[in-house]
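Notes follow the structure.
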Amino acid sequence: MKAGEVMTILDNALRIGKGVTRYGKVAAYIPELAKKDKNKLGICLYTIDGDRFEVGNTEDRFTIQSIAKVMALCLALETFGAGFVFDHVGVEPSGEAFNSLVELDNRSNRPFNPMINSGAITVASMLEGRYSIEEMQKYMQDVCEDPEIAIDEAVFESEMATCARNKAIAYLLKSKQIIDNDVEESVTFYTQMCAMSVTARNLATFGLLLANDGIQLSTGKRLISSQTVRMVQTIMLTCGMYDGSGEFALKTGIPTKSGVGGGLLSVAQKKMGIGIYGPSLDEKGNCIAGCELLGYISEAFHLHIFDQTEWKVE
Ligand code: GLN
């Protein structure tokens, strides 16, 4: 495919996304996020050959929110090993909303997976016992190749003032001895990592790192092990879109993680990383435009993991 055709497809994708934006809503449970402009939309593709294609608001900063769960899982797997991490957090889709605690209370003695809040707070608690938030920030800057990534203090304060539910989850985790570290400090670390501000470009860069087996394209350096990359992508595919994961996987076949800030991180194995920003969310808390347009992009570029058609930009 020629570069010009890629841009035509991206322009179409932007139009498709904009067509559904009005049916979604910005996240209102974090008051600071309720102020965001729901009409923003940006798509960035970063290919394995080092080409970047983008349309729309790809340089706008927004808070990474739940996409930080992917970075936290990478760091935890590399630091503590899969045995320890998965002793504390499972790998099964929960079929519940991202902030649910019913299944944790009723059906299991560990969180279902690391992509929902209970699992991610458990992972954040492990990390908090080992790393400072500055070290976590540095890790996020490194994998996204952007030294400007920093906490958005307004969003952080706003979420800390309204995070009773996450604290309830964390206290439940403590009562079940799933987390050892201090509950308040664990929730603070979790909320800080969620409040890091990124761009769609940053997410495409991180997506490409995962698509390239953990090797940074610009330097040839390995930042994440193959085993970690494989595990994380599997969990993104099965659990990354919460209770919408199955339908999304069927439609796009691209391991993806959403955040309520409007971000989407997608990894097309050996082909490209994709970063999307669109703060208008569907009822499950996923970027409504991104979910729609990724179906189209997946078909156009043959990105579904089970699509065996060869595809390359010439
Ligand atoms: N910080 C947010 C929360 O805990 C992240 C949720 C999300 O992005 N789905 O509610």
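Both ligands and their constituent atoms are indexed starting at 1 by order of listing.
Between Phe62 and Tyr277, the ring-plane angle classifies as parallel under the 30° and 60° cut-offs.
Side-chain contact annotation: Thr21 with Asn39, donor-acceptor N/O pair under 3.5 Å absent. Using a 3.5 Å distance cut-off with no hydrogens or angles, the side chains of Ser298 and Thr252 do not pair a donor with an acceptor.
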Validation: residues 66-73 side-chain donor-acceptor distances under 3.5 Å, sequence neighbours left out:
from  : atom 1 : to     : atom 2 : distance (Å)
Ser66 : OG     : Lys69  : NZ     : 2.8
Ser66 : OG     : Tyr242 : OH     : 3.0
Lys69 : NZ     : Met115 : O      : 3.0
Lys69 : NZ     : Asn117 : OD1    : 2.7

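Within 4.0 Å of ligand 1, protein heavy atoms belong to Tyr29, Gln65, Ser66, Phe98, Asn117, Glu159, Asn166, Tyr190, Cys194, Tyr242, Gly259, Val260, listed by chain and number.
When each of Glu59, Glu148, Glu145 is tested with Arg201 by the rule salt bridge (Lys or Arg N to Asp or Glu O under 4.0 Å), just one qualifies, namely Glu59.
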Legend entry - Check against side-chain hydrogen bond (donor to acceptor under 3.5 Å, both in side chains), Glu283 and Tyr23: CA-CA 10 Å; Glu283 72 287 352; Tyr23 300 117; over 6 Å; no

